[in-house]
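One structure is given below, encoded as structure tokens.
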Amino acid sequence: KSLDTALTTHQDSEGRVWIGTRIGVKFLENNKLYDPEVNSGKLVSRSNIWDIKSDVKGNVWLSTRLNGLFRYSIRERTFKSFPIKKNMQGEVLRSFHIDSKSRIFVHTNNSVFLFNEKQQKFDDLSLDLNGHYVRSISSDNTHRLFIGTFGGVYVFDGVAVTPSHILKPELKFGKIL
């Protein structure tokens, strides 16, 4: 089966290169391509893999278009599924960010959620992003979230979200200035 289109790549702490596609995930190790789903029922192979990251424990996390978040345990060689709930705005999980406190922030088209692994649920941060489409999330060393949207960058300090003028383009005469 072809790898199809590579949507994302990630190198884990042991040097494997993970490749997320429209038909699941594979990893490259010692120049050989492996299917991590051999023993897991092919749940991920029915998913578009939008983003891949590793946590401090060495687990590999995958965000999928419609099937939520997956954690792959390197030690156990198994996947654990954390499906998105129907009440999540947009319902399409785009990407995610793991901060230095090991918190996982995920986003759909219009909302940002904090993933609570112990309770296996997504807590909506209820951020006012003025209806802008969310593209990315990152954080700095003071744990502020930077939320990239089609309307500019928003900064969340844990209490309030504020629009930032960081990289907010101003269109004039068809050019970005």
What's the separation between atom [atom1] in [X] and atom [atom2] in [Y], rounded to the nearest 0.5 Å?
X      : Y      : atom1 : atom2 : result
Arg71  : Asp55  : CZ    : CG    : 8.0 Å
His97  : Ser136 : NE2   : OG    : 10.5 Å
Ser100 : His143 : OG    : NE2   : 4.0 Å
Phe96  : Phe122 : CZ    : CZ    : 10.5 Å

| query | Going by the angle between their ring planes, with limits at 30° and 60°, are Phe82 and Trp61 parallel, tilted or perpendicular? | reply | parallel
| field | Whichever hydrophobic residues join Tyr133 through chains of side-chain contacts under 4.5 Å | value | Phe150
| field | Main-chain N/O of Thr78 paired with Ser73 side-chain donor or acceptor, under 3.5 Å | value | no
| message | Is it the case that the side chain of Thr64 and the backbone of Gly68 share a donor-acceptor pair, with hydrogens and angles ignored and the cut-off at 3.5 Å? | response | yes
| note | Nearest heavy-atom contact between Asn110 and Val134 is C-CG2, 4.2 Å
| Is there side-chain contact between Ser54 and His10, with heavy atoms separated by less than 4.5 Å? | yes
| query | Is the shortest heavy-atom distance from the side chain of Val25 to the side chain of Pro36 under 4.5 Å? | reply | yes
| query | Can you name the residues that form a side chain to side chain contact (heavy atoms under 4.5 Å, CB included) with Ser95, not counting sequence neighbours? | reply | Asp51, His107
| task | Name all residues meeting the side chain to side chain contact (heavy atoms under 4.5 Å, CB included) criterion together with Leu125; count only those two or more places apart in sequence or in a different chain, and write none if there are none. | result | Phe105, Val112, Leu114, Leu127, Leu145, Phe156
| Would you say Val106 and Leu129 are hydrophobically clustered, going by side-chain heavy atoms of ILVMFWY under 4.5 Å? | no
